[in-house]
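Shown next, in structure tokens, is the structure this report addresses.
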Amino acid sequence: MTDKPQDESKLIAERRRKLDALRADGNAFPNDFRRNATADELQGTFVDHSDEKLREEKIQVAVAGRMMVKRVMGKASFIKLQDRSGQIQVRLERDHLPEGLYATFKKWDVGDIVAAKGSLFRTQTGELTVLADEVRLLTKSLRPLPEKFHGLADQETRYRQRYVDLIVNEESRKVFRTRSAIVAYIRAFLDAQDYLEVETPMMQVTKGGAVARPFTTHHNALDMSLFLRIAPELNLKRLVVGGFERVYEINRNFRNEGVSTQHNPEFTMLELYRAYADYEDLIEMLEALLHGLAESILGTAIVRYQGEEFNFGEPFARMTVEEVVRKYNPDIDAAKIRDRDYLVGVCKRLRVGVKDNYGPGKLLIEIFDKTGEHELRKPTFITQYPTEISPLSRKNDADPFVTDRFEFFIGGREIANGFSELNDPEDQAERFHAQVADAEAGDDEAMAFDHDYIRALEYGLPPTAGIGVGIDRLVMLLTDSPSIRDVLLFPHMRPEVFD
RNA sequence: GGGGCGUUAGCUCAGUGGUAGAGCAUUCGGCUUUUAACCGACUGGUCGAAGGUUCAAAUCCUUCACGCCCCA
């Protein structure tokens with residue numbers, strides 16, 4: 001009744017024969033069992049119950065899960081069932097089960113989904129165990145699990161077949177539970193401050209909100225091109241114009257760039273906007289958020305990441321872009337640090353590519369990226385980003401060469417980017433024109449002119465500050481994960497070849 | 001895009017030119033308190049793909065695929 005691929009492993013073929021027998025015997029995939037407790041509920045509830053007390057009370061339980069351990073010792077066996085909460089041991093005795101069931105059970109395999117009903121007791125070593133009155137096979141597993149001791153180590157298989165990784169690697173399950181807890185903490189933190197969570201379009205007609213290359217898609221019925229968003233920024237600020245003075249979105253962005261341990265084509269960002277605030281207010285807020293997160297997730301303000309140690313309990317360091325450039329390039333002439341020709345010379349010495357349309361601000365940031373970024377190990381706010389490369393940021397009142405903007409670095413990586421928003425519609429229009437000029441000069445990362453966004457600003461965006469936080473990188477930090485793929489359930493991979 | 005490393009049984013891994021290996025898992029037998037259970041027997045491979053060198057290739061060479069790391 002089953003078509004068997006010729007190259008199918010003998011292990012799978014063996015299990016398929018068992019499934020055939022199950023089908024012949026009735027419903028091989030029943031869905032009428034209901035459990036009354038998870039493993040951890042039982043472990044917690046009866047933690048103080050002795051074996052005698054458990055046997056006295058005859059506590060009836062119904063448990064189910066994946067059979068991860070199977071130890072047959074003649075006429076009795078121990079198995080362990082793994083459910084979403086943990087594992088619970090079950091003891092099966094031939095003479096304590098309905099006639100013939102024990103012999104049937106012996107054919108079941110590690111990996112099968114099994115249910116058991118019975119009463120609780122403790123073994124000689126004190127392990128809480130269900131003495132089974134009844135056991136059932138709920139789902140036959142056709143594929144053998146990886147070896148029990150070493151688990152699944154192969155990176156490629158862990159990423160491609162995450163379900164197997166999650167079955168056998170507790171550390172991997174823990175990473176994704178922590179990820180969920182981090183996002184839940186952030187939501188609670190913001191909700192407590194009266195922020196409104198919103199969702200804005202993933203598919204956009206105009207690319208904007210960040211300097212990056214977009215993915216393009218096509219709407220058939222409308223016969224038009226659409227961009228997958230590179231940022232939600234402009235839409236969120238439209239909402240502030242609309243009177244939602246505190247908004248945030250936690251969602252995916254898409255950037256058509258390289259893949260690395262730090263980059264996935266789609267990644268998750270928290271972006272938030274707050275009216276009547278400036279970038280200094282958001283620096284304070286981010287410090288409070290990160291401190292609270294560390295205490296909540298790790299139970300301490302000390303974050304250990306890949307051999308480095310960061311204290312989230314104290315205010316973070318601050319430097320300006322120019323200070324960083326001068327610190328890591330001590331030979332630079334401070335008097336000429338905004339001189340285009342001089343900076344071109346520095347870039348050439350550093351073997352940084354320079355284009356004709358680069359102004360001093362762009363050149364400065366190229367030098368920063370090349371020489372400074374990786375040195376920013378301890379949590380550090382970098383401020384005063386050049387206006388030239390910050391088309392949506394408010395100019396600094398005293399020094400319009402730079403904006404009231406910061407980026408936040410830990411371990412040499414950008415974690416967040418925030419600024420006082422540019423709410424002058426005429427200045428914003430000029431900045432868009434500059435972006436369009438860059439685009440025409442061949443810069444495929446430049447923004448388009450967003451007429452509707454200018455119109456929104458013309459209605460009046462209150463003085464506002466905003467911030468974007470890379471959630472994946474934050475999760476990496478708090479789970480000590482070396483690669484972004486370790487914190488993405490299904491990281492981007494080239495297609496697998498099935499032959 | 002460039003460089004380095006990797007791909008051998010279901011899983012974890014040995015194997016540097018001369019008969020393809022181990023542990024776990026599977027299969028069979030034994031065992032009524034195991035904890036990577038234990039004891040005994042057996043089984044399991046187009047060595048990532050294609051081509052080349054050689055009397056002989058998992059091993060050397062070339063190309064390709066996929067993955068990991070570093071750099072741009």
Side-chain angles (χ1 to χ4, degrees), chain A residues 5-18 43 51-52 54-55 67-82 86-97 101-103 105-112 118 120-132 140-165 167-170 257-264 306 347 350-354 366 369-371 373-374 412-413 481-486 491-499:
Chain A
Q6 297 206 331
D7 60 344
E8 188 172 79
S9 131
K10 287 179 179 162
L11 296 174
I12 297 176
E14 178 68 34
R15 289 180 178 217
R16 219 178 267 283
R17 278 193 290 276
K18 292 178 180 176
Q43 306 284 7
D51 181 44
E52 284 169 356
L54 288 168
R55 288 176 190 272
M67 182 163 67
M68 299 302 289
V69 170
K70 183 187 180 204
R71 296 189 189 112
V72 178
M73 293 157 295
K75 298 178 186 66
S77 299
F78 286 102
I79 64 173
K80 287 192 180 176
L81 299 183
Q82 175 170 291
Q87 296 191 345
I88 183 75
Q89 182 166 262
V90 178
R91 178 176 167 85
L92 296 84
E93 296 178 0
R94 189 193 67 181
D95 299 335
H96 192 76
L97 289 168
L101 183 53
Y102 189 76
F105 151 77
K106 285 215 254 181
K107 296 195 182 76
W108 299 351
D109 295 292
V110 168
D112 288 350
L120 292 171
F121 76 102
R122 278 190 196 280
T123 64
Q124 288 172 351
T125 55
E127 180 162 355
L128 187 69
T129 303
V130 179
L131 178 61
K140 184 68 201 167
S141 171
L142 295 177
R143 291 179 180 267
L145 291 176
E147 187 228 13
K148 60 196 169 191
F149 186 54
H150 298 93
L152 179 62
D154 183 69
Q155 295 271 49
E156 185 171 354
T157 310
R158 289 187 52 218
Y159 297 149
R160 286 195 196 279
Q161 296 179 247
R162 183 67 88 183
Y163 38 90
V164 180
D165 180 40
I167 289 169
V168 299
N169 291 333
E170 166 61 22
E257 291 160 1
V259 175
S260 78
T261 52
Q262 316 294 321
H263 300 86
N264 196 64
Q306 303 289 299
C347 282
L350 292 170
R351 279 179 294 186
V352 171
V354 171
E366 292 287 322
D369 287 347
K370 173 90 175 186
T371 62
E373 180 167 352
H374 290 288
R413 294 171 190 159
S481 300
S483 169
I484 196 170
R485 297 178 199 99
D486 298 323
H492 177 77
M493 304 284 276
R494 288 175 192 272
E496 189 176 358
V497 178
F498 289 92
D499 42 20

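Below, read A as the first sequence line, B as the second, and so on, with proteins coming before strands; counting in each chain starts at 1.
Comparing Ala153(A) and Glu496(A) against RNA chain B, the residue whose closest nucleotide sits nearer the 5' end is Ala153(A). If Arg351(A) and Pro495(A) are placed on RNA chain B by their nearest nucleotide, the residue sitting closer to the 5' end is Pro495(A).
In this entry U16(B) has no Watson-Crick or G-U wobble partner, no candidate having both defining distances under 3.5 Å. The nucleotide C60(B) finds its pairing partner in G52(B), both defining distances of the Watson-Crick or G-U wobble pair being shorter than 3.5 Å. Both distances falling under 3.5 Å, in either a Watson-Crick or a G-U wobble arrangement, occur for no nucleotide opposite A36(B). A65(B) is paired with U7(B) under the criterion used here, namely a Watson-Crick or G-U wobble arrangement in which both key atom distances are under 3.5 Å.
Atom NZ of Lys70(A) is separated from atom C1' of A36(B) by 17 Å (rounded to the nearest Å). Atoms CE (Met68(A)) and C1' (U34(B)) sit 17 Å apart, rounded to a whole Å. Between the C1' atom of A36(B) and the CG atom of Asn169(A) lies a distance of 15 Å, rounded to the nearest Å. Atoms CG (Asp165(A)) and C1' (C11(B)) sit 14 Å apart, rounded to a whole Å. Spacing between atom NZ of Lys18(A) and atom C1' of C28(B) amounts to 12 Å, rounded to whole angstrom units. Distance Glu366(A) CD to A72(B) P: 12 Å, rounded to the nearest Å. Here G10(B) presents its C1' atom at 13 Å from CG of Asp154(A), a figure rounded to the nearest Å. For Ile484(A) and C70(B), the CD1 to P distance is 13 Å, given to the nearest whole Å.
Across all their heavy atoms, Arg122(A) and Asp51(A) have their closest contact at N-OD1, 2.9 Å. Pairing each heavy atom of Gln82(A) with each of Gln87(A), the nearest pair is OE1-NE2, 2.9 Å. Of all non-hydrogen atoms in Gln262(A) and Ile484(A), the two that sit nearest each other are O-CD1, 3.7 Å. Pairing each heavy atom of Arg162(A) with each of Pro491(A), the nearest pair is NH2-CD, 3.9 Å. Taking every heavy atom of both residues into account, Ala132(A) and Val90(A) meet most closely at CB-CG1, 3.8 Å. Minimum interatomic distance between Val72(A) and Lys106(A) (heavy atoms only, all atoms of both residues): CG1-CD, 3.8 Å.
The line from CG of Asp109(A) to CG of Leu11(A) is 9.5 Å long, rounded to the nearest 0.5 Å.
Across A57(B) and G18(B), the matching C1' atoms stand 10 Å from one another, rounded to whole Å. C55(B) and A25(B) have their P atoms separated by 46 Å, with the value rounded to a whole Å. Distance check on atom P: C60(B) versus U8(B) gives 16 Å, rounded to whole Å. The separation of U62(B) from G23(B), taken at their P atoms, amounts to 36 Å, rounded to a whole angstrom. Atom P of C24(B) sits at a distance of 28 Å from the matching atom of A49(B), rounded to the whole Å. Annotation: A58(B) and C13(B) have their C1' atoms spaced 15 Å apart (nearest Å). C28(B) and C61(B) have their C1' atoms separated by 47 Å, given to the nearest Å. U59(B) and U19(B) are spaced 15 Å apart, taking the C1' atom of each and rounding to whole Å.
Side chain Glu14(A) to base U26(B): no donor-acceptor pair is found below 3.5 Å. No donor-acceptor contact under 3.5 Å links the side chain of Thr129(A) to the base of U33(B).
Using a 4.0 Å heavy-atom cutoff across all strands shown, Thr261(A) reaches sugar-phosphate atoms only and no base atom. As judged by a 4.0 angstrom heavy-atom cut-off over every strand, Lys370(A) is placed among residues touching the sugar-phosphate backbone only.
The side-chain heavy atoms of Ile167(A) and Met68(A), taken from C-beta on, include a pair separated by under 4.5 Å. Contact annotation: the side chain of Ile79(A) never approaches that of Val69(A) to less than 4.5 Å [non-hydrogen atoms, C-beta and beyond]. The shortest distance between side-chain heavy atoms of Pro144(A) and Arg15(A) falls below 4.5 Å. Contact annotation: the side chain of Pro146(A) approaches that of Val164(A) to within less than 4.5 Å [non-hydrogen atoms, C-beta and beyond]. Side-chain contact between Glu366(A) and Val354(A) is absent, with no heavy-atom pair separated by less than 4.5 Å. Annotation: side chain of Leu54(A) is in contact with side chain of Leu128(A) (closest heavy-atom distance under 4.5 Å). Counting heavy atoms from C-beta on, the side chains of Gln161(A) and Arg143(A) never come closer than 4.5 Å.
For Met493(A), the side-chain contact (heavy atoms from CB on, under 4.5 Å) criterion is met by Glu156(A), Tyr159(A), Arg160(A), not counting sequence neighbours.
Taking the side chain of Gln155(A) as heavy atoms from C-beta on, and the options U34(B), C11(B), G67(B), the nearest nucleotide is G67(B). Distances from the side chain of Ser9(A) to the nucleotides C11(B), U34(B), G10(B) place G10(B) closest.
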Please list, for nucleotides 39-44 of chain B, all pairs of protein and nucleotide N/O atoms separated by less than 3.5 Å.
none

Would you list the protein and nucleotides 6-8 of chain B atom pairs, both N or O, that sit under 3.5 Å from each other?
none

Measure all distances between protein nitrogen or oxygen atoms and nitrogen or oxygen atoms of nucleotides 23-25 of chain B, and list the pairs falling under 3.5 Å.
{"unit_1": "C24(B)", "atom_1": "O3'", "unit_2": "Lys148(A)", "atom_2": "NZ", "d": "3.4"}
{"unit_1": "A25(B)", "atom_1": "OP1", "unit_2": "Lys148(A)", "atom_2": "NZ", "d": "2.9"}

List every contact pair, protein side and nucleotides 29-32 of chain B side both N or O, where the distance is under 3.5 Å.
{"unit_1": "C31(B)", "atom_1": "N3", "unit_2": "Val72(A)", "atom_2": "O", "d": "3.3"}
{"unit_1": "C31(B)", "atom_1": "N3", "unit_2": "Gly74(A)", "atom_2": "N", "d": "3.1"}
{"unit_1": "C31(B)", "atom_1": "N4", "unit_2": "Gly74(A)", "atom_2": "N", "d": "3.4"}
{"unit_1": "U32(B)", "atom_1": "OP2", "unit_2": "Lys75(A)", "atom_2": "N", "d": "3.0"}
{"unit_1": "U32(B)", "atom_1": "O2", "unit_2": "Arg91(A)", "atom_2": "NH2", "d": "3.0"}
{"unit_1": "U32(B)", "atom_1": "O4", "unit_2": "Asp95(A)", "atom_2": "OD2", "d": "2.4"}

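Arg71(A) has no side-chain polar atom (N or O) that falls below the 4.0 Å cut-off from OP1 or OP2 of U33(B). Taking 4.0 angstrom as the limit, Arg494(A) places a side-chain polar atom (N or O) nearer than this to OP1 or OP2 of G67(B). Gln89(A) has no side-chain polar atom (N or O) that falls below the 4.0 Å cut-off from OP1 or OP2 of U34(B).
Between Phe105(A) and Tyr102(A), the ring planes are tilted. Angles from 30° to 60° get that label.
Contacts classified as salt bridge (Lys or Arg N to Asp or Glu O under 4.0 Å) and involving residues 70-79 of chain A (residues at least two apart or in different chains) are not found.
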